[in-house]
A.B. asks: 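Have a look at the structure that comes next, please.
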Amino acid sequence: MKFLILFGPPGAGKGTVARKIERAISIATGDLFRDHLKRNSELGQKARAFMDDGKLVPDDITIAMLKERLEQPDCQQAELIILDGFPRTKPQAEAFLESFPEAEILTIYLSVKDDVIVNRLIGRWTCPKCKRTYNTNLHAAIIKGGNCVTEKCETPLERRPDDESEETIRTRLKVYHRETKPVLGFLREKKLTIKRVMGNKPPETVLKNVKKALG
Ligand code: AMP
């Protein structure tokens with residue numbers, strides 16, 4: 001199997017990039033959790049409090065959820081699987097590498113400074129259906145209408161609860177620096193290829209550089 005780990009802080013643009021890479025299946029653990037929340041599944045009920053506080057959902061729950069997703073037939077046949085938001089801790093990375101010892105894995109690290117992220121997330125609106133995100137700075141005219149403009153979508157945009165308060169955003173960033181960023185060092189120790197792309201550029205430039213890094 002072939003994986004692309006899109007690594008980076010919340011709001012780095014991982015989802016935006018993932019959606020634009022052709023012939024790949026993109027799996028965002030945050031989206032999987034949000035689907036569980038919507039369905040009010042048992043897993044969703046367990047994850048809710050952590051997500052609302054901007055904290056990480058415990059590793060055992062996260063790893064089991066991702067494994068189940070990866071066992072589905074579309075993943076078994078995929079040319080490339082993009083992981084957006086996983087691994088976020090060292091135990092997650094360990095479990096992943098143990099499960100796929102033969103996999104070809106490339107990590108692209110989207111690097112963005114904290115203050116840029118706070119601005120982006122405070123202004124972020126998300127389409128709950130197609131998952132496209134909009135930003136009040138970049139897409140003011142579009143957001144005025146309040147609906148997703150992606151072809152045939154037109155779903156009312158929503159603000160993610162964890163994007164609503166600066167305090168929760170700052171907590172997510174703290175968690176990223178404390179628990180997630182060190183995963184890069186772990187992946188490097190495991191001799192995985194890591195390529196850094198500056199994520200503070202316009203979305204089309206970031207996408208072009210990610211595609212270049214993908215080769
Ligand atoms: P995201 O959509 O990637 O920003 O994730 C939203 C929230 O889902 C995070 O703040 C965590 O509470 C939870 N989450 C997503 N991915 C993971 C993960 N790999 N490990 C633990 N929690 C996660």
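In each ligand, atom 1 is the first atom listed, and ligand 1 is the first ligand listed.
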A.B. asks: Using modelled atom types only, decide if a donor and an acceptor are shared between the side chain of Asp84 and the backbone of Leu6 within a distance under 3.5 Å.
C.D. replies: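 The answer is no, because no donor-acceptor pair under 3.5 Å joins these two groups.
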A.B. asks: Listed by chain and number, what are the side-chain contact (heavy atoms from CB on, under 4.5 Å) partners of Lys38, not counting sequence neighbours?
C.D. replies: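 Pro128, Glu158.
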A.B. asks: Just checking, any donor-acceptor pair under 3.5 angstrom between side chains of Arg160 and Thr126?
C.D. replies: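 No, because no side-chain N or O of Arg160 sits under 3.5 Å from a partner of the opposite role on Thr126.
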A.B. asks: Just do the side chain to side chain donor-acceptor pair (under 3.5 Å) check on Asn147 and Glu154 with the steps written out, would you?
C.D. replies: CA-CA 5 Å; Asn147 288 338; Glu154 292 181 13; 5.9 Å; no
A.B. asks: Near ligand 1, which protein residues have a heavy atom under 4.0 Å away?
C.D. replies: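 Thr29, Gly30, Phe33, Arg34, Met51, Lys55, Leu56, Val57, Thr62, Gly85, Phe86, Arg88, Gln92, Arg160, Asp162, Arg172.
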A.B. asks: List, by chain and then residue number, the residues other than Met198 in its hydrophobic cluster (Ile/Leu/Val/Met/Phe/Trp/Tyr, side-chain heavy atoms under 4.5 Å); write none if there are no others.
C.D. replies: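 Same cluster as Met198: nobody, lone residue.
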A.B. asks: Name all residues meeting the ring pair (Phe, Tyr, Trp, His ring centres under 6.0 Å) criterion together with Phe186; count only those two or more places apart in sequence or in a different chain, and write none if there are none.
C.D. replies: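 Residues passing ring pair (Phe, Tyr, Trp, His ring centres under 6.0 Å) with Phe186: none at all.
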